[in-house]
Amino acid sequence: MFPWFAIGHITPYIHLSNRLAARGHRVHFLLPGPTTLAKLAPLNRHPHLITFHPIAVPHVDGLPRGAETTADVPPHLTPLLFAALDATEDQFRSTVSRVGPLDVVLYDSAMWVPRIGRELGFLTMTYGVVSAAVGALRLVPSARLAKTPPGYPPHSAVVPRPDEIKQSRIFAENFGSVSLYDRIVTSVSGGDAMALRTCWELEGVFVKYMEEQYGKRALLTGPILPDRDHRLGLDEKWAAWLSKYPRGSVVYCAFGSESLLQKDQFQELLRGFELCGRPFLVVLKPSEGCATMEEGFPEGFAERVIDGEGGRGLVCGGWVPQLQILDHPSVGCFVSHCGFGSMWESLLSDCQIVLVPKQNDQIVGTMLMTKDLKVGVEVEKDEEGWVSKEKLSEAIEMVMDEGSEIGRVVRENHLKLREVLGDGNLQERYLDGFVCQLYDLLEKC
Ligand SMILES: O=c1ccn([C@@H]2O[C@H](COP(=O)(O)OP(=O)(O)O[C@H]3O[C@H](CO)[C@@H](O)[C@H](O)[C@H]3O)[C@@H](O)[C@H]2O)c(=O)[nH]1
């Protein structure tokens, strides 16, 4: 396993490794170290079968010292992290040579992996951990800016829209030595097949389209979340605070591992949670230019809703156990950025879903969730992308208010989909199929 240096990528690769190890397969996992490795090591449920190999992220001019993942750098420095990834080719080669022989390597952004696979004799395939919808719309060989590519699924409402088009320009930017688009298309094209973290029930039309476009078989792993039994317990401090509130009443908000908000937007969102009048737990990074969360708070905010009103608000700047929080019975609404991991976690939770996407794949995921699947609502933004406190509070009320028709519809649709996706056997069936298809490919080589 050799995922891109981003927590939102490494984590699902670890969950997939755990599932494979549970079936007796041996996994070698290359990830940035020492800090990221130390942070994520507890997720390894089968240390006797899964070996973590630290990759020293080489220093590239302009990259902060010690930066290992996208969580350590502001978004404008991400291209330098790709340059650092490309400079790990020798470390990759020596590690895979040392531990070999290998059957198959899963990777996502290191476009030179297939070349090494052919030299050393292992199969390679990208393991895509963002939605097949964004792959189909933006990352197929015939993709066109501002338009749907030829032959794109005709009945989907996941189509280019102004903010999506604006954000999709990122694919044309240089990330390391090549554009992000070329990097991804080259990576996928070079592999013997492509693996995707999705399922036919959710994204079948997009997967089929990607297979046609790449002329390659797609091996689906299903959602790949940790088993409920395997999730670590929720710390007493979170459990005690959440348990103060009635069932389904708390609004939980988190925007993943990368999102960094400007101070005025950060303050406006906090005002929005204050305005909606419900208990809330917000997990964000300190806003841009602020050393602490408190430094970015609106005037009098802490006194009013953290210390006052019985401590109705909790705002946290660190890492929280999101899956366990979503599982807590008091949590009734998930305000998310629609990162692909969070998207799955919201779909498999009991929560009402409110989306505030920013990056391209998050906007595409939001269209899939709100327009095709109709399981949640999106917070309306103005033309500059600004989210006002009123719009945030309105969206929360739209799904949380008992008399809301939209709230009823999205709850029903979500429930139906969760029955399919949450079926205890679905994940196992996908894993069985995935492993069978791997054996099949290996036999043919
Ligand atoms: O305090 C926190 C914050 C996050 N998480 C977990 O971290 C993961 C975050 O993943 P995701 O929701 O995908 O968000 P990002 O970290 O923002 O992910 C990046 O990578 C994703 C691909 O996986 C893309 O879809 C996103 O746009 C990109 O920002 C999820 O499993 C969360 O449960 C926690 O456990 N605690």
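As the structure lists them, so they are numbered: ligands from 1, and atoms in each ligand from 1.
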Worksheet entry | Numbering as shown, the atoms of ligand 1 that approach Gly339 to under 4.0 Å (heavy-atom distance) | 12 (O), 13 (O), 25 (O), 26 (C)

Fill in: Backbone or side-chain N or O of Arg197 under 3.5 Å from ligand 1 N or O
no

Fill in: atom 18 (O) of ligand 1 - nearest protein heavy atom and its distance
Gly8 CA, 3.9 Å

Worksheet item: If you measure from each non-hydrogen atom of His337 to ligand 1, which part falls under 4.0 Å: side chain, backbone, both or neither?
Response: side chain

Discussion item. Yes or no: does Val129 have any heavy atom under 4.0 Å from an atom of ligand 1?
Written reply: yes

Practice prompt. Would you mind checking which non-hydrogen protein atom is closest to atom 20 (O) of ligand 1, with the distance to 0.1 Å?
Written response: His9 CD2, 3.7 Å

Fill in: Per-atom contacts, ligand 1 versus Ser257 - under 4.0 Å to a heavy atom
15 (P), 16 (O), 17 (O)

Practice prompt. List every atom of ligand 1 that sits less than 4.0 Å from any heavy atom of Gln359, numbering the atoms from 1 in the order shown and giving each element.
Written response: 27 (O), 29 (O)

Worksheet item: Using heavy atoms and a threshold below 4.0 Å, how should the contact between Gln362 and ligand 1 be classified: side chain, backbone, both, or neither?
Response: side chain

Worksheet entry | Contact partition for Val283 relative to ligand 1, non-hydrogen atoms under 4.0 Å | side chain

Discussion item. Check Lys208 with Glu212, please: is the shortest side-chain N to carboxylate O separation under 4.0 Å?
Written reply: yes

Worksheet item: Are the charged groups of Asp350 and Arg418 less than 4.0 angstrom apart, N to O?
Response: yes

Item to complete: Using a strict 4.0 Å cut-off to heavy atoms of Val130, name the atoms of ligand 1 that fall inside it.
Response: 22 (C), 24 (C), 25 (O)

Discussion item. Please check whether Thr11 reaches ligand 1 - meaning an N/O of the residue sits under 3.5 Å from an N/O of the ligand, judged on distance alone.
Written reply: no

Worksheet item: Of all the non-hydrogen atoms in the protein, which one sits nearest to atom 35 (O) of ligand 1, and at what distance?
Response: Val320 O, 3.2 Å

